[in-house]
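Remarks on the structure that follows.
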Amino acid sequence: MSTKALRLTIAAVSFVIAAVLVSVAILIAFPQRPEAGAAADFATAVDSEPWGTDAGYDEFTLFEAAWADMNDAMRAGDREAFLAFAEGDAATQLAQWWDQSKDLGWEDGYIQPFTNDDGTQEALVGLELPFTAAPVRSSGRSDAGQKLLHGSYYTIKTSGEGADLKITSFSPKGAPNPWDDGPLYVQKRAHVVLFGLESERALVDANIDNAEDAAVLALDTAEQLGAEIPQDGFLSAITDDPDRFSEWAFGPTEPSVIKAAAVARPTVRPSRPTDLIEPGVATGRENSGSYVVAGPGSADQLIPTFVHEFAHVLHFAAVPDSGTFRSPAVLEGFARFMETRSGSERRDLVTPAVKQLVGEAGEDALADARFDSADAAAAYDAAGSYYEFVAESGGDPWALAVAAKREDAGLAVLGSLPMVGAKLDPAFSAENWIAWVAAH
C-alpha cells in the first residue's frame, strides 16, 4: 500500500472512531425524558441524604406497594380503596379517622410509615387542611411555594407485605388531634374555620364570628407591620371541657404553673422527599402547618386570645423551626405585642408588675424559666414590651420577630431577646429597654 493510501485509510478509521465517541457522548449527555406526572418534577430519584452520609438504600425511600396505593387513595379521596388496607382494630380506627378528619374538608394528604430502632412502627400522616400555609416564592426559603401540610404521628401495627400489607392498629402518638377524638361540628367564614366535637356545636356557633373578627385583626395587623403572610386564614378547634383542652393542647406535658387559655400547635413535616410524598409538599426538619386549640380559659377574652394564637401561627409559618430551641420571650413577646397593636387588647404592656420585674431582674426578666413560673404573666407582658420599645424607637418589630426566631439556637434561646435587637440596631440594647421601662 502506498504512503498516500495508508494515510487515507488512517484518516477514515479516525473519522469513524470520532463519530462513535460523539454518539456515546450524546447518549450520556441527554438523559431520557421522565415519565409524565408529579414524579417528573424531580430530575432524579432521591435515594440518599443530600450530604451523602448513606451509601445506598434508605428505609425512608423503600416502601411496600400497599403504601403507594394508600397514598393514591388519599389523593383521590377514595375512602373504600384506603380502608381496604385496614383490618382488625384498624378497620374501625381508620374509618373513624377518615370520616372525622374529612369533616374539615381536606383533599390532599399522605401517609408515610417508618420503623423505630426497637421495632415499633409509626406513620406520619399529613393533611392539607383549610388555610394551609404556602411560603411565598419571593421569601428565598428552600420550601418556597410548597405546602405546609398538617402532619401528625400515629402508632401503627401491620401484617403482611407488598400489596397484601394491612394496617391492624392505628392510634395517635402524643397529644391527639381533635379529629382523632370524635365526629366534628365545623363552621366556616372567609378567614377562619372553627370546629369542635359534635357535642359542642352550640359553643362553635356562639364563637365563630368572634374568631373571624380576630382572624381579620391578626392578618391586617401583620400586613401593616410589613409581614409576608403565607396564608389567608386560620384553623382553630374550641372546647369548653378543661380535660379535653389539656389533652388536645398538651397531651401528658401540660405546663406545671401557667394555665393556658389557648395554644397554637405547630405540626411536623416529612424529613425528606420520598416516592410517597408529592413534590409540592414541604419536607425538612422544621415545623409544618399550625392550628389553634382554644379552651375554657379563653371564654372571657376570646378575641385577644385568638389574635395572640393566630400571631403564633403566622410566626411559625414565616420562620419554621425544628422545635429543638424555642425562646418563649421571642414567641410570646411577639404574640402579646400583636394583641395590643391590633387593638384587641387595650392596655399598656408596661404594667406595675412589669416595672417591678424588670427593675429587679433586668434582662433576666425574659429568661425562659420565667414563662412557667409565678412571674409568667409579667414575663409575657415584659417580652411584649420589648417589641413595643423597638417599635416606638423607630425599629421594625416584624423584622425583630423574624430575626429572633431564626437565632433561637443562639442568642434568643439564651434568654436574651434584646441581644438580637441590639444586633439590628445598638439603640435596641437591653440597657435602653430597661431605662425605657423605668421611665414609662
Side-chain angles (χ1 to χ4, degrees), residues 35-42 45-47 57-116 119-130 132 146-174 176-181 183-184 267-283 288-289:
E35 295 180 4
D41 293 340
F42 286 112
V46 178
D47 58 2
Y57 297 106
D58 187 288
E59 64 174 328
F60 286 87
T61 58
L62 298 176
F63 300 99
E64 304 282 1
W67 295 108
D69 292 338
M70 277 186 267
N71 278 274
D72 289 342
M74 288 184 72
R75 288 188 281 268
D78 191 333
R79 180 182 187 274
E80 183 178 354
F82 183 81
L83 296 180
F85 294 96
E87 66 180 17
D89 292 341
T92 299
Q93 294 163 342
L94 278 171
Q96 290 176 343
W97 169 84
W98 179 283
D99 294 339
Q100 290 158 193
S101 63
K102 270 292 186 182
D103 287 339
L104 293 171
W106 63 268
E107 295 183 356
D108 191 13
Y110 64 81
I111 180 169
Q112 178 170 287
F114 59 94
T115 302
N116 296 313
T120 58
Q121 295 176 287
E122 295 181 22
L124 177 60
V125 182
L127 299 175
E128 186 176 2
L129 297 175
T132 289
Q146 296 181 314
K147 296 178 290 189
L148 304 184
L149 269 59
H150 295 72
S152 305
Y153 287 113
Y154 291 81
T155 300
I156 63 171
K157 293 180 180 179
T158 62
S159 64
E161 58 185 21
D164 297 323
L165 180 140
K166 304 290 185 184
I167 299 177
T168 59
S169 179
F170 179 88
S171 59
K173 179 183 179 183
N177 295 301
W179 52 90
D180 297 318
D181 257 7
L184 302 180
T267 67
V268 295
R269 63 175 82 176
S271 62
R272 50 175 292 177
T274 74
D275 52 340
L276 297 181
I277 306 299
E278 291 282 275
V281 175
T283 60
S288 198

Closest approach of [X] to [Y] (non-hydrogen atoms, all atoms of both residues):
| X | Y | result |
| --- | --- | --- |
| T267 | G289 | OG1-O, 2.6 Å |
| M74 | V125 | CE-CG1, 4.3 Å |
| V281 | Q146 | O-NE2, 3.9 Å |
| T168 | T158 | OG1-N, 3.8 Å |
| A163 | A65 | N-CB, 4.0 Å |
| G109 | L149 | CA-CD2, 4.1 Å |

Has the side chain of [X] got a donor or acceptor atom that lies under 3.5 Å from a matching backbone atom of [Y]?
| X | Y | value |
| --- | --- | --- |
| D180 | N177 | yes |
| Q93 | F170 | yes |
| T155 | K173 | no |
| T120 | N116 | no |

To the closest 0.5 Å, what do you measure between [atom1] ([X]) and [atom2] ([Y])?
| X | Y | atom1 | atom2 | value |
| --- | --- | --- | --- | --- |
| Q121 | S169 | CD | OG | 10.0 Å |
| M70 | L83 | CE | CG | 10.5 Å |
| I111 | L124 | CD1 | CG | 9.0 Å |
| T283 | Y110 | OG1 | OH | 9.5 Å |
| Q96 | S101 | CD | OG | 11.5 Å |

Query raised in the report: So do W179 and L129 actually touch side chain to side chain, heavy atoms under 4.5 Å?
Result: yes
Report task. Please tell me if the side chains of P113 and E64 come closer than 4.5 Å, counting only heavy atoms from C-beta onward. Result -> no
Query - Pairs touching residues 146-156 that satisfy salt bridge (Lys or Arg N to Asp or Glu O under 4.0 Å), sequence neighbours left out - result: D108-K147, E128-K147
Query raised in the report: Do the numbers put K166 on top of the ring of F85, so that NZ or CZ is under 6.0 Å from the six-membered ring centre and no more than 45° off the axis?
Result: yes
Query raised in the report: Which of these, I156, D99, I167, sits in a side chain to side chain contact (heavy atoms under 4.5 Å, CB included) with L94?
Result: I167
Query raised in the report: Of all residues at least two apart in sequence or in a different chain, which pass the ring pair (Phe, Tyr, Trp, His ring centres under 6.0 Å) check with W98?
Result: F82, W106
Query - salt_bridge(K157, D89) N-O dist < 4.0 Å - result: no
